[in-house]
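No experiment lies behind these values; they were computed from the predicted model shown.
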Amino acid sequence: MTASVVRALADVARDAAHLAAPGGSCRACGATGAETLADRPDGTVVRHGSAVAKAHAPDTDRAAHEVRVALAAHPALTGILLPPLPNGAFTGSPGPGALLSGSRLPSDDSRPVTTWPYGVPVDPADPDAAPWEEAAVLLARLHRVEPAQLSGKGTGAAPLPPMRGPAKAAAAVARMEAAAPDHPAAPDVLRAWERLPAWARGESPSPRRDAVCHGDLHLGQLVRHPAPDGPWLLIDVDDMGLGDPAWDLARPAAWFATGLLAPEIWQRFLGAYTTADGGAVASDGDPWPQLDVPARALTVQTAALALAKSAEAGRQPDEVERAVLDACTRIGTL
């Protein structure tokens with residue numbers, strides 16, 4: 001990402017932090033200043049003190065994204081999702097959930113920008129402290145929310161868009177085909193992809209569209225807010241919408257199936273979800289009839305991204321990436 005984009009986001013985050021700070025005081029000024037938290041093609045995130053500014057993906061559907069950001073501020077999702085900061089000072093449209101225009105970015109960059117409170121992320125250096133149970137309970141609570149509470153007659157809100165999980169999987173496969181079409185593992189990934197039903201490839205509507213789903217659940221999507229030790233909350237609503245709630249369990253399920261997640265951790269996660277009355281799987285019995293297709297789709301997505309990223313970096317897949325690629329080979333030969 002260009003330095004001008006990071007500088008522009010730093011300015012947005014600074015202004016948001018100053019608006020939120022009591023009396024306009026800001027401990028970050030003159031101390032740490034701006035900090036780039038993420039810089040990827042699908043989003044750049046810059047922090048200033050108590051606020052972060054995010055420039056979203058270039059191909060963001062702005063109308064659907066406005067609905068998603070507004071949902072994060074909905075009272076029915078309080079304590080589940082991190083709410084956005086009010087952006088009225090930048091847009092002229094007061095109230096939480098308003099999207100900033102791209103005007104704060106360089107003139108050739110029209111991506112939407114949003115501002116959020118800063119929350120403390122999961123510490124990757126302390127895997128034993130990973131909040132698997134907390135993540136499962138948050139998902140169960142999200143899946144229990146009635147969509148009618150969030151949109152429809154009498155709410156004044158726009159209809160919820162579809163959950164974007166299958167579309168992201170399709171984008172990962174397309175990226176692999178562009179970046180690593182001749183890699184020896186690519187045919188196995190494509191074979192596993194082609195054996196998925198059309199809905200899991202984003203080619204037709206999901207047969208189940210009755211639940212509010214996060215769409216891209218992993219441990220990087222949780223933060224503690226208020227920082228540093230507030231409750232865990234879900235972040236990143238870019239893929240949220242109506243769909244099959246099993247998709248939100250699919251990444252840890254795929255990790256478990258490929259041997260990347262210890263069985264005891266998977267059981268803790270699944271047990272916490274069912275105890276909290278999550279509706280993606282039955283409270284007892286075998287969960288795999290519901291999880292099989294989403295877990296296979298997430299395995300393919302992860303493998304496709306592994307090939308794409310390793311090819312773009314000019315390296316061979318690492319040990320973890322090879323484990324996922326091996327899983328795709330097994331899926332393709334079933």
Side-chain angles (χ1 to χ4, degrees), residues 41-43 56-65 67-68 71 139 143 147 151 158-183 185-218 221 236-255 257-258 279-281 287-309 311 324-325 327-334:
D42 62 345
H56 297 265
D59 60 350
T60 297
D61 181 330
R62 294 181 71 99
H65 196 57
V67 175
R68 293 182 171 107
L71 284 179
L139 285 180
H143 296 163
S151 66
L160 274 65
M163 181 266 292
R164 291 190 64 252
K168 288 198 72 168
V173 173
R175 181 176 171 183
M176 178 199 73
E177 290 183 293
D182 300 322
H183 194 284
D188 290 334
V189 176
L190 290 174
R191 190 176 301 111
W193 176 247
E194 291 162 357
R195 294 192 176 190
L196 291 168
W199 74 265
R201 301 195 304 266
E203 297 172 0
S204 66
S206 169
R208 184 174 178 185
R209 302 185 293 277
D210 61 339
V212 182
C213 305
H214 181 273
D216 188 29
L217 188 279
H218 53 80
Q221 307 288 37
D236 191 354
V237 298
D238 292 35
D239 304 306
M240 191 169 71
L242 293 179
D244 186 341
W247 198 278
D248 285 345
L249 278 63
R251 185 173 270 107
W255 290 349
T258 56
V281 297
W288 285 99
Q290 289 76 41
L291 294 177
D292 176 63
V293 168
R296 285 192 284 133
L298 263 295
T299 301
V300 173
Q301 175 181 323
T302 305
L305 286 176
L307 281 186
K309 290 178 179 179
V324 180
L325 291 168
C328 265
T329 300
R330 295 194 297 271
I331 291 171
T333 56
L334 288 177

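- Looking at Asp248, its side chain does come within 3.5 Å of a backbone N or O of His214 through a donor-acceptor pair.
- Of the charged side-chain nitrogens involved, none lies within less than 4.0 Å of a carboxylate oxygen, so that Asp239 and Arg68 do not count as a salt-bridged pair.
- Residues Asp238 and Arg164 share a closest heavy-atom pair of O-CD, 3.6 Å.
- Nearest heavy atoms, Ala303 versus Val324: N-CG1, 3.5 Å.
- With sequence neighbours excluded, the residues forming a ring-ring contact (aromatic ring centres under 6.0 Å, His included) with His143 are Tyr273, listed by chain and number.
- Side chains of Leu242 and Asp210 form no contact here, defined as non-hydrogen atoms less than 4.5 Å apart.
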Apply side-chain contact (heavy atoms from CB on, under 4.5 Å) to the pair Val173 and Arg175, showing each step before the final yes or no. CA-CA 5 Å; Val173 173; Arg175 181 176 171 183; over 6 Å; no
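- The distance from atom CG of Leu298 to atom CH2 of Trp255, rounded to the nearest 0.5 Å, is 9.0 Å.
- Judged purely by atom type and a 3.5 angstrom limit, Gln221 has no side-chain atom pairing as donor or acceptor with the backbone of Asp236.
- Separation of atoms CG (Leu325) and NE2 (His183) is listed at 7.0 Å; rounding is to 0.5 Å.
- Scanning both residues, Pro181 and Ala186, for their nearest heavy atoms gives O-CB, 4.1 Å.
- The two residues Cys328 and Thr299 have their closest heavy-atom pair at SG-O, 3.9 Å.
- One N or O on the side chain of Arg201 and one on the backbone of Leu196 form a donor-acceptor pair closer than 3.5 Å.
- Proximity of Pro245 to Arg208: side-chain heavy atoms (C-beta onward) are separated by under 4.5 Å at one or more points.
- In this view, Asp244 satisfies the salt bridge (Lys or Arg N to Asp or Glu O under 4.0 Å) rule with no residue, not counting sequence neighbours.
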Working for side-chain contact (heavy atoms from CB on, under 4.5 Å), residues Leu307 and Val189: CA-CA 9 Å; Leu307 281 186; Val189 176; 4.1 Å; yes
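- Under a 3.5 Å cut-off, the side chain of Thr60 and the backbone N or O of Arg62 do not form any donor-acceptor pair.
- Taking each heavy atom of Gln290 and Ala246 in turn, the nearest pair found is O-CB, 3.5 Å.
- Between the CD1 atom in Ile331 and the CZ atom in Arg191 there is a gap of 12.0 Å [rounded to 0.5 Å].
- Annotation: the span from Met176 atom CE to Trp193 atom CH2 amounts to 10.0 Å, rounded to 0.5 Å.
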Report the C-alpha distance between Gln301 and Arg251 in whole Å, list the side-chain angles of each, state the deciding distance to 0.1 Å, and finish with yes or no for side-chain contact (heavy atoms from CB on, under 4.5 Å). CA-CA 10 Å; Gln301 175 181 323; Arg251 185 173 270 107; 3.5 Å; yes
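- The shortest heavy-atom contact between Pro166 and Ala200 is CB-O, 3.7 Å.
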Full working for side-chain contact (heavy atoms from CB on, under 4.5 Å) between Leu249 and Leu139: CA-CA 8 Å; Leu249 278 63; Leu139 285 180; 4.2 Å; yes
